[in-house]
Number of protein chains: 4
Amino acid sequence: MTKEAKFARTKKEKLIFDAALKIIKEKGFHQARMSDIAKEAGISYGLVYHYFKNKEDLFETILNQWWGGLFDILEGLRNSRTDVREKLGKIVQYYLGTYHRYPELVTIFITEISRSSTNLTPERLKKFMKLMSRTDAVMTEGQKGGLLRKDVKPRYLTYIFLGALETFISAMVLVDQSLTKDSQVGRLADAILDVFMNGAKSG
Amino acid sequence: MTKEAKFARTKKEKLIFDAALKIIKEKGFHQARMSDIAKEAGISYGLVYHYFKNKEDLFETILNQWWGGLFDILEGLRNSRTDVREKLGKIVQYYLGTYHRYPELVTIFITEISRSSTNLTPERLKKFMKLMSRTDAVMTEGQKGGLLRKDVKPRYLTYIFLGALETFISAMVLVDQSLTKDSQVGRLADAILDVFMNGAKSG
Amino acid sequence: MTKEAKFARTKKEKLIFDAALKIIKEKGFHQARMSDIAKEAGISYGLVYHYFKNKEDLFETILNQWWGGLFDILEGLRNSRTDVREKLGKIVQYYLGTYHRYPELVTIFITEISRSSTNLTPERLKKFMKLMSRTDAVMTEGQKGGLLRKDVKPRYLTYIFLGALETFISAMVLVDQSLTKDSQVGRLADAILDVFMNGAKSG
Amino acid sequence: MTKEAKFARTKKEKLIFDAALKIIKEKGFHQARMSDIAKEAGISYGLVYHYFKNKEDLFETILNQWWGGLFDILEGLRNSRTDVREKLGKIVQYYLGTYHRYPELVTIFITEISRSSTNLTPERLKKFMKLMSRTDAVMTEGQKGGLLRKDVKPRYLTYIFLGALETFISAMVLVDQSLTKDSQVGRLADAILDVFMNGAKSG
DNA sequence: TATGAATGAGGGTTCATTCAT
DNA sequence: AATGAATGAACCCTCATTCAT
């Protein structure tokens with residue numbers, strides 16, 4: 001089952017979805033105009049409202065696309081026996097992998113949600129907090145298992161880990177770098193993880 | 001010379017500046033209304049235009065306040081002989097110290113600029129790139145001096161370092177945590193730096 | 001010949017008609033949406049256009065249903081030899097009787113047409129004027145026959161008579177009162193007529 | 001204190017108020033467009049929103065103008081010792097007098113409120129019910145004092161009285177009749193009252 | 001300096017109507 | 001007959017900016 005199957009019941013819906021993705025990435029949530037999206041999708045203005053209740057609904061659909069996949073991953077980590085590094089690797093892979101196929105989706109998440117408190121409805125904050133606490137759990141588990149240092153709060157490790165990961169991606173966005181090969185994705189994931197685990201220090 | 005002196009030629013100007021800071025933090029750049037800012041400042045909205053050319057000008061002034069201080073620090077690092085860790089510490093201190101005194105300013109920078117490509121005018125992108133390359137230089141220097149690992153591109157180290165730092169702060173913003181004591185600032189700075197340098201791994 | 005037969009050539013047509021009646025009563029002419037009507041009728045909204053040219057046509061059909069019956073009555077009064085009170089009684093009975101069977105139809109007539117100049121197309125005004133002049137004729141006849149006072153213009157008597165009648169009904173609508181028994185209708189008709197003829201004064 | 005003083009704090013407000021009155025009379029509440037009102041008032045679109053929060057607020061202001069005066073009258077009747085006929089006369093005079101000076105205001109009340117259940121918000125229904133019960137009280141008092149017949153419910157008398165009055169006026173509106181002389185107002189009032197009290201019957 | 005009235009270009013949303021299937 | 005996707009003209013409301021006082 002592809003990711004698209006989750007939301008795109010019709011071809012037009014997918015068309016609008018992708019157009020919205022592009023426009024929001026360019027202009028941000030608030031600046032994205034419905035008319036821009038319609039034009040980008042090559043359809044009439046009113047048709048957007050045929051498929052989505054309103055702007056908010058369209059945006060929520062987009063975000064849920066991201067959150068859905070992410071929570072699937074996080075859920076999978078809960079009962080998994082793999083070690084911390086591998087678990088964090090799964091998270092990195094979700095970010096990078098999704099960026100590989102849906103660059104705009106990841107960009108929107110990072111720039112419009114992960115940071116901007118402006119767009120944080122209570123509903124969104126709740127999801128965000130869930131991401132944090134799930135990652136915390138991985139960190140705590142790592143500390144208990146003796147793999148992660150105990151002198152730093154798990155929440156702080158979460159901040160640093162996710163921050164490194166997200167900024168990495170958003171910086172790539174700025175210079176419009178795309179991940180065209182799967183090997184690239186793997187190497188980047190390793191770099192991020194390795195620096196997080198072993199530090200930037202040499203030796 | 002105080003930071004205020006750089007821009008606040010008059011008391012009213014400072015009043016507007018601070019009001020804008022607060023409103024932009026709450027609502028974001030685009031959502032911040034001039035009338036909100038005027039109301040917050042306790043003046044008529046016509047007067048804002050007496051002191052600032054327009055919305056853009058007001059926002060640019062605010063951002064320059066941040067950039068000015070940051071570039072002062074980065075400039076100071078160029079010819080300094082201190083080691084890498086200390087140099088990065090200076091950057092961390094600028095972020096945290098400014099957050100201590102001007103929480104909104106740092107928040108705005110991180111949420112509205114550092115990530116959001118939406119607000120990136122060419123002018124702003126230039127400044128952003130300068131921050132990147134200056135930090136790159138520190139990393140490169142660290143690699144040459146044998147202090148930083150050489151198997152990761154300096155630019156990548158920059159991403160990870162700044163990302164960890166910025167997300168740390170923006171996450172604190174979300175939970176509305178403030179840094180009331182200088183000792184807190186120091187400890188946080190150490191934690192961030194230590195994890196960046198030595199990694200999250202125990203032992 | 002039933003009233004329905006006048007317009008409802010098909011079952012679907014009747015379905016739409018009744019749905020429109022209900023929706024218009026609830027929301028008024030302009031606020032009634034074609035989609036509401038279709039949904040109420042349980043059909044697709046495209047089909048409404050198969051049976052009625054457009055919104056205006058549908059509404060006109062509804063109003064003609066009312067006017068048709070009313071003019072039948074009024075026509076019957078022209079050459080009738082019955083006295084004034086009985087003639088006015090026939091009018092009252094048409095209003096109350098139709099309200100009994102088609103509450104919405106009467107409501108719509110009173111609220112959307114009888115009063116509101118908003119919805120008055122020249123066509124409708126013409127019909128309205130016809131009602132007035134026909135009632136005038138009854139009043140004039142009553143004056144000539146010595147049954148009605150001559151010191152008040154027939155037109156004024158018409159205003160007062162129809163006004164009392166219509167407000168009576170529209171007020172009942174407000175409190176959602178329905179006429180479930182024929183005896184009720186008769187009593188109400190008597191009350192209205194009696195007050196109109198003999199006045200509210202005691203004795 | 002003039003009626004205008006109650007609402008029109010500024011000249012522009014009055015300008016908008018009068019323009020709205022005219023447009024609403026012509027098109028009805030829902031069909032009245034803010035742009036029409038602005039154009040009619042000879043001002044820019046946005047200025048309407050400077051003086052009135054929104055369409056609803058503007059319309060409410062207009063209706064309160066009517067209700068305010070009417071309730072003043074009704075309140076005055078409560079403790080008054082004058083007889084029923086005179087009390088009802090006061091009500092008639094308020095309607096006709098206001099129509100004399102503000103034809104649109106009365107028209108709007110009758111066509112858009114008194115009848116149309118479409119526009120009846122709970123707030124408005126409350127006011128409407130107050131009018132009814134206050135008039136009921138006058139009728140009841142008349143019955144107790146032996147002046148009005150007791151075989152008809154007070155509420156029914158209210159319906160007939162107000163209905164006659166309102167239809168009288170709305171019919172005048174239809175034929176665009178205006179009351180230019182005060183003497184006309186008095187004579188009409190007498191006619192309505194006399195028919196209501198003594199009936200249409202001759203002798 | 002200071003005020004807030006005034007302007008008008010947008011942008012979100014609704015809904016009657018058409019039309020391909 | 002029947003469906004509902006598709007269109008686009010309206011219409012409400014916001015808000016940056018200007019300007020007379």
Side-chain angles (χ1 to χ4, degrees), chain A residues 10-13 15-16 27 30-39 41-59, chain B residues 10-13 16 27 30-39 41-59, chain C residues 10-13 16 30-39 41-59, chain D residues 10-13 15-16 27 30-39 41-58:
Chain A
T10 72
K11 218 148 201 168
K12 276 282 162 56
E13 213 158 333
L15 208 59
I16 296 168
K27 309 200 172 193
H30 288 104
Q31 275 55 53
R33 281 172 292 161
M34 292 299 262
S35 60
D36 288 337
I37 293 171
K39 193 180 291 175
I43 59 170
S44 82
Y45 199 91
L47 194 57
V48 179
Y49 287 89
H50 191 80
Y51 291 99
F52 297 92
K53 206 179 146 226
N54 53 28
K55 206 179 170 184
E56 184 65 21
D57 180 41
L58 173 55
F59 291 179
Chain B
T10 73
K11 217 147 200 170
K12 278 279 162 55
E13 216 158 328
I16 297 168
K27 310 200 171 190
H30 291 103
Q31 278 55 53
R33 282 167 293 174
M34 291 300 261
S35 61
D36 287 335
I37 293 170
K39 191 184 287 177
I43 60 170
S44 78
Y45 49 90
L47 195 55
V48 177
Y49 287 86
H50 189 80
Y51 291 98
F52 298 92
K53 201 181 149 214
N54 54 28
K55 209 181 170 183
E56 185 63 20
D57 179 42
L58 173 55
F59 291 177
Chain C
T10 73
K11 217 149 201 168
K12 277 278 162 58
E13 215 158 331
I16 296 168
H30 290 102
Q31 276 56 53
R33 282 167 293 172
M34 291 300 261
S35 61
D36 287 335
I37 293 170
K39 190 183 288 177
I43 59 169
S44 78
Y45 49 88
L47 195 55
V48 178
Y49 287 86
H50 189 78
Y51 290 99
F52 297 92
K53 201 182 148 213
N54 53 27
K55 207 179 170 184
E56 185 64 20
D57 180 42
L58 173 54
F59 291 176
Chain D
T10 72
K11 217 145 201 169
K12 278 281 161 55
E13 215 158 333
L15 208 60
I16 296 168
K27 309 202 172 189
H30 288 104
Q31 276 53 53
R33 282 171 293 160
M34 291 300 262
S35 61
D36 288 337
I37 293 171
K39 193 181 290 176
I43 59 170
S44 81
Y45 196 90
L47 194 57
V48 179
Y49 288 86
H50 190 81
Y51 289 99
F52 298 92
K53 204 178 147 225
N54 52 29
K55 207 180 169 184
E56 183 66 22
D57 180 41
L58 173 56

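Below, chains carry the letters A, B, ... as their sequence lines are ordered, and counting in each starts from 1.
With rounding to whole Å, Ile37(D) atom CD1 is found 12 Å from dC12(F) atom C1'. Atom-to-atom, CD of Glu13(B) to C1' of dA2(E) comes out at 15 Å; the value is rounded to the nearest Å. For the pair Asp57(D) CG and dC13(F) P, the computed distance is 10 Å after rounding to whole Å. One atom, NE2 of His50(C), and another, P of dG4(F), lie 16 Å apart when rounded to the nearest Å. In this structure, the NZ atom of Lys27(A) is 12 Å from the P atom of dG10(E), given to the nearest Å. In this structure, the NZ atom of Lys11(C) is 16 Å from the C1' atom of dA1(F), given to the nearest Å.
We find the CG-NZ distance between Leu58(A) and Lys55(A) to be 9.5 Å, quoted to the nearest 0.5 Å. To the nearest 0.5 Å, atoms CG (Leu47(C)) and CD1 (Ile16(C)) are separated by 5.5 Å.
Ranked by how close their nearest DNA chain F nucleotide is to the 5' end, Ser44(C) and Ile43(A) are led by Ser44(C). Ranked by how close their nearest DNA chain F nucleotide is to the 5' end, Gly42(C) and Tyr51(A) are led by Gly42(C).
Partners of Asn54(B) by side-chain contact (heavy atoms from CB on, under 4.5 Å), not counting sequence neighbours, listed by chain and number: Tyr49(B), Glu56(B), Asp57(B). Under the side-chain contact (heavy atoms from CB on, under 4.5 Å) criterion, Ser35(D) pairs with Arg33(D), Tyr45(D), sequence neighbours left out. In this structure Lys39(A) satisfies the salt bridge (Lys or Arg N to Asp or Glu O under 4.0 Å) test with no other residue, sequence neighbours excluded. Listed by chain and number, the residues in a side-chain contact (heavy atoms from CB on, under 4.5 Å) with Gln31(C) are Lys27(C), His30(D), Gln31(D), Thr118(D) (sequence neighbours excluded).
Listed here is the closest heavy atom pair of Ser44(D) and Ala38(D): O-CB, 3.9 Å.
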What nitrogen or oxygen pairs link the protein and nucleotides 11-15 of chain E at under 3.5 Å?
| from | atom 1 | to | atom 2 | distance (Å) |
| --- | --- | --- | --- | --- |
| dG11(E) | OP2 | Arg33(A) | NH1 | 2.4 |
| dG12(E) | OP1 | Ala32(A) | O | 3.4 |
| dG12(E) | OP1 | Lys55(A) | NZ | 3.0 |
| dG12(E) | OP2 | Met34(A) | N | 3.1 |
| dG12(E) | N7 | Tyr45(A) | OH | 3.2 |
| dT13(E) | OP2 | Tyr49(A) | OH | 2.7 |
| dT13(E) | OP2 | Lys55(A) | N | 3.1 |
| dC15(E) | OP2 | Arg33(C) | NH1 | 2.7 |

| What would the secondary structure line of DNA chain F be in dot-bracket form, counting Watson-Crick and G-U wobble pairs under 3.5 Å, with [ ] for pairs that cross earlier ones and | for pairs with another strand? | .||||||||||||||||||||

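For Lys12(B), no side-chain nitrogen or oxygen approaches OP1 or OP2 of dT1(E) to under 4.0 Å.
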